[in-house]
Amino acid sequence: MGGTSDASLLARRLHQDAVPAVFSYAGATRSPAVQPLPTRCGGFGGVPGLVQFIRAHGISHVVDASHPFAAQMSRNACAACAQTGTPLLALERPAWQPEAGDRWVTVPDMDAAARALPTAPARVFLAVGRKQLAAFSPLAQHRYLLRVVDMPEPGSLPVQGATVLVARGPFGAEGERALLTEHRIEWLVTKNAGGEATRGKLKAARALGLPVIMVQRPDLPARNSTDSVDRVMHWLAHEGVAGAMPSMP
Ligand code: NAP
């Protein structure tokens, strides 16, 4: 299950080591990164569709390297692997932790993030993708800066009058600082994605003393997970037993 830079790193290792594998994209972006593995695109059709896919393709191991906020996919993977007895390992980056100088307001979800913004008009960078923007549509007093992977169709965004940037990470701290300064941003809203590729905005906000509304990760069923591609490779080679914890020698 792909859709992250970690999934792309894993795909390269699987290809290098000639591990037979299929890479799966949701089909959420118009031109996803090309992978060195056979690639399929689009939903499976819920848990029953994924169960059928696992059986039809003789899948022996599932690695869920989807985004930490792709909760539905991760829940489906847990359920389908449980039903089919297929070993499952999640490849996920640790959540970001606040550092000295950070001004974070931690919230459980996007609705709470919208409620955490001030009532007075503010200039807000919504670094949250486009799927959950509707939470901010009632708050029309703010000026929003959005960054998305694909140019949205005219009128398709639930927030009006936003400045829209189309760009794909990674985004370094210097560029992020320049962006926040240029748009005179006063508040940053972000999901706690973790990882280095999009950490730059946090460093920039810290340097500028800006408050950050940090949306916590969704709850997921208990599952084995690692943040290391090496551990995934080791697990595939040695430990693909349902319920086994990944461990390195
Ligand atoms: P989601 O809400 O968890 O998934 C919605 C549905 O999309 C799933 O039920 C599944 O459809 C399909 N799907 C999701 N990931 C898939 C995959 N890798 N392969 C095949 N089908 C997949 O996911 P999302 O938040 O819309 O994210 C969509 C994709 O974008 C994911 O692959 C994710 O890794 C990536 N992404 C998400 C975020 C984010 O913030 N959510 C950020 C960066 C990248 P069926 O039920 O029909 O199987």
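Remember, it's 1-based here, ligands and their atoms both numbered in the order they're listed. The structure presented is a predicted model; accordingly, all values stated were derived computationally and were not measured.
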TODO: Report yes or no: is the cationic atom of R147 (NZ for Lys, CZ for Arg) under 6.0 Å from the centre of the six-membered ring of F171, at an angle within 45° of the ring normal?
DONE: yes
Task: Where ligand 1 meets N76 - atom numbers and elements under 4.0 angstrom, heavy-atom basis - done: 9 (O), 46 (O)
Open item on the list: Under 4.0 Å from a heavy atom of S66: which atoms of ligand 1 are those, numbered in the order shown and with their elements?
Closed with: 34 (O)
Open item on the list: For atom 32 (O) of ligand 1, tell me which residue out of G169, P218, G2, A70 has the closest non-hydrogen atom.
Closed with: G2
Task: Parallel, tilted or perpendicular: rings of F69 and H67 (30°, 60°) - done: tilted
Open item on the list: Could you check whether atom CD of Q52 has more than 12 heavy atoms from other residues, nucleotides or ligands sitting under 6.0 Å from it?
Closed with: no
- [ ] Look at ligand 1 and say whether G42 reaches it with a heavy atom at a distance under 4.0 Å.
- [x] yes
Task: M73 with L88, same ILVMFWY side-chain cluster at under 4.5 Å - done: yes
TODO: Quick one: do W235 and H61 satisfy ring-ring contact (aromatic ring centres under 6.0 Å, His included)? Show the steps, please.
DONE: CA-CA 10 Å; W235 175 80; H61 300 70; 5.2 Å; yes
TODO: Could you see which bit of A193 sits under 4.0 Å from ligand 1, with heavy atoms only: side chain, backbone, both or neither?
DONE: neither
- [ ] Give the atoms of ligand 1, by number and element, whose distance to some non-hydrogen atom of G45 is under 4.0 Å.
- [x] 45 (P), 47 (O), 48 (O)
Task: Proximity flag G129 to ligand 1, non-hydrogen atoms under 4.0 Å - done: no
- [ ] Determine whether any heavy atom of G49 lies closer than 4.0 Å to an atom of ligand 1.
- [x] no
Task: Minimum non-hydrogen distance to atom 1 (P) of ligand 1, winning option of Q132, H67, K131 - done: K131
